[in-house]
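To start, the structure itself, in structure tokens.
For clarity, every value in this text was computed on a predicted model and none was experimentally measured. Naming convention: chains lettered A, B, ... in sequence-line order (proteins, then strands); numbering from 1 in each chain.
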Amino acid sequence: MEESELFRKKREKIESLRASGVELYPNDVKVTHRMDEMQKNYGHLDHDALAGVEEHFSVAGRIMAIRDFGKGAFIVLQDRKGKLQAFIRKDRVGEKGFSLFKSLDVGDIAFVAGRIFKTKTGELTIEAATLRLLAKAMRFLPEKWHGLTDVEARYRQRHLDLVMNPRVREVFQTRSRIIQLIRQFMQERDFLEVETPMMQPIAGGALARPFKTHHNALDMDLYLRIAPELYLKRLIVGGLERVYEINRNFRNEGISTLHNPEFTMMEFYMAYATYEDLMVLTEELLTFIVRTLFGSLKVTYQGTELDFTPPWPRMTVRDALTRIGNIDPGILGDRGGLHKVAGGMGLLFEEHQPLGKILMGIFDEKVEGRIIQPTFITHYPIEVSPLSRRNVEDPSLADRFELFIYGREIANAFSELNDPADQRQRFIKQLQEREAGDEEAHEMDEDYIQALEYAMPPAAGEGIGVDRLVMLLTDSPSIRDVILFPQMRKKEEDKEKTEER
RNA sequence: GGGCCGUUAGCUCAGUUCGGUAGAGCAGCGGACUUUUAAUCCGUUGGUCAGGAGUUCAAAUCUCCUACGGCCCA
């Protein structure tokens with residue numbers, strides 16, 4: 001690619017700097033303080049109080065601004081947690097230090113050591129006794145005032161987004177905190193964190209299209225997992241009783257503000273528990289996270305207040321369809337009526353499709369988006385729940401719930417099906433649907449059935465969509481805002497490069 | 001998959017209505033300035049107008065195709 005004049009000049013400037021003996025990328029300084037702790041510990045002191053602080057401070061960070069006055073200047077340094085202004089005076093850093101300063105640019109990484117003081121305008125400032133260049137930037141940062149706003153550039157060059165937008169750094173710090181709180185909560189309840197295969201010979205545990213790959217040495221097709229479920233339940237068979245995993249799932253489907261092909265799921269299984277126990281546990285987990293983060297159970301998401309105060313409403317799929325979706329209860333068991341209603345919404349179902357599937361299609365259309373406050377929806381049709389335990393009173397229903405918040409599915413849980421004979425029948429049903437053209441239907445997994453034949457204790461399990469949870473708790477409108485490197489199409493020039501190879 | 005909108009300097013954006021020599025701010029470069037806060041002041045460089053084709057005496061602007069992105073719908 002043709003280099004613009006701007007970059008050419010910059011490169012020449014830096015080469016002459018290198019030729020003059022300035023080390024461009026040294027790594028021999030010790031940083032003693034962080035910007036945010038300095039602001040916190042000394043920001044409130046006045047000029048005279050700071051004059052009594054004898055301590056020397058060593059800080060480093062990216063130069064975000066330079067305000068030059070000839071024989072003195074202010075530079076703004078940014079580290080991972082904050083910013084601090086440094087004052088460079090010719091009569092303090094000396095001739096050599098000052099000429100180094102004159103070569104510095106916005107975007108460079110610099111080191112400053114010295115004492116602190118307050119300026120006339122009341123800003124905490126470190127006065128440089130020592131100034132070092134730590135890493136020279138070859139490229140220009142985006143504009144200081146507007147920053148980087150182009151969403152495509154923000155996702156493709158997340159490093160720049162992170163440099164320029166403090167809010168983005170906060171989102172990912174909060175994401176890390178949320179995951180840490182999940183681990184703390186699960187550990188306190190004696191759950192064991194485990195890792196199960198990401199590459200599986202059969203992509204099971206959910207109804208979705210997988211990514212396919214191939215192992216050369218074994219000459220064997222493998223799938224990136226769509227869920228860890230069947231492996232985690234093998235661990236329940238093995239007697240671990242309480243396990244969880246926080247890891248990526250991969251689904252070969254569309255991309256939207258709610259879907260990324262790889263996304264993070266917290267999935268856990270608990271022996272001797274039912275889906276009803278998990279509703280309580282879910283309330284406890286989320287309220288623990290929300291309360292720790294906000295000190296309150298009320299969170300504003302995109303201008304809407306979400307109230308996490310338990311207990312959260314519980315409603316069956318059937319009731320939700322009639323009360324929230326305004327579907328005539330008389331047609332819920334009537335195939336003809338359901339087809340008509342679904343058709344009216346532009347949903348086309350073939351004749352052989354099970355009733356439960358049509359029901360859930362209507363649910364997705366008419367109900368899901370309208371559930372704003374945290375709500376458990378229970379009693380799912382058995383046909384769309386091939387791994388769930390059957391309800392004792394009504395065998396057409398599963399002992400299952402999903403948690404919805406702000407119109408989105410956040411969690412999915414059920415009492416586990418541990419009867420191997422029933423599990424085999426369910427897989428056979430799924431196979432029939434697959435043969436009828438449903439690519440998302442579950443595959444037969446003999447190995448898993450064999451594991452169940454050794455007896456799995458009664459158990460319940462749940463998956464929580466971590467990205468979507470982080471969206472809610474960071475007020476992020478798109479899943480791409482909470483995934484550091486969301487999936488993007490290749491740019492044209494990259495495609496050409498690939499073809500050249 | 002469909003609809004709408006967008007892509008102009010390193011960044012943020014005008015310019016497209018109604019075709020007539022490509023603009024601003026920041027950044028950069030040169031200069032002044034030792035307590036500034038988007039520092040200020042003087043001067044100044046920088047463009048494959050996403051890519052391609054077409055219409056036209058003339059296209060950033062009109063038409064078509066392609067790529068990428070955003071929002072909405074499926």
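Judged as a salt bridge (Lys or Arg N to Asp or Glu O under 4.0 Å), and not counting sequence neighbours, Arg480(A) has no contacts. Residues satisfying the salt bridge (Lys or Arg N to Asp or Glu O under 4.0 Å) test with Lys83(A), not counting sequence neighbours, are none. Taking the salt bridge (Lys or Arg N to Asp or Glu O under 4.0 Å) definition, one finds that Glu15(A) meets it with Arg18(A), sequence neighbours left out. For Arg132(A), the salt bridge (Lys or Arg N to Asp or Glu O under 4.0 Å) partners two or more places apart in sequence, or in a different chain, are Asp28(A).
Residue pairs meeting the side-chain hydrogen bond (donor to acceptor under 3.5 Å, both in side chains) criterion with at least one member in residues 54-75 of chain A, sequence neighbours excluded: His33(A)-Glu55(A), Tyr42(A)-Glu55(A), Arg67(A)-Gln85(A), Asp68(A)-Lys102(A). Note on residues 131-161 of chain A: pairs passing ring-ring contact (aromatic ring centres under 6.0 Å, His included), not counting sequence neighbours, are Phe7(A)-Phe140(A).
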Per-pair distances, 0.1 Å, donor-acceptor, side chain in residues 337-345 of chain A, under 3.5 Å, sequence neighbours excluded:
none

Determine all donor-acceptor pairs shorter than 3.5 Å in which one atom belongs to a side chain in residues 374-381 of chain A; sequence neighbours excluded.
from	atom 1	to	atom 2	distance (Å)
Thr375(A)	OG1	Gln373(A)	O	2.7
Tyr380(A)	OH	Glu402(A)	OE1	3.1

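Using modelled atom types and a 3.5 Å distance limit, the side chains of Gln302(A) and Asp475(A) yield a donor-acceptor pair.
Using a 4.0 Å cutoff on non-hydrogen atoms, the parts of residues 112-123 of chain A near RNA chain B are Phe117(A), Thr119(A), Lys120(A), Thr121(A), Glu123(A), ordered by number. Across residues 85-102 of chain A, Gln85(A), Phe87(A), Arg89(A), Asp91(A) each have a non-hydrogen atom less than 4.0 Å from an atom of RNA chain B (numbered order). Contacts between residues 40-59 of chain A and RNA chain B, defined by a heavy-atom separation below 4.0 Å, involve no residue at all.
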Which atoms of nucleotides 9-11 of chain B (N or O only) lie under 3.5 Å from a protein N or O atom, and what are those distances?
from	atom 1	to	atom 2	distance (Å)
C11(B)	O2'	Glu143(A)	N	3.1
C11(B)	O2'	Gly147(A)	O	3.0

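Here the nucleotide nearest the side chain of Glu365(A), chosen from G28(B), U37(B), A74(B), is A74(B).
Proximity of Arg156(A) to the phosphate of G69(B): a side-chain N or O atom is located under 4.0 Å from OP1 or OP2.
Stacking between Phe74(A) and U36(B) is present: the aromatic ring centre lies within less than 5.5 angstrom of the base six-membered ring centre, and the two planes differ by under 30 degrees.
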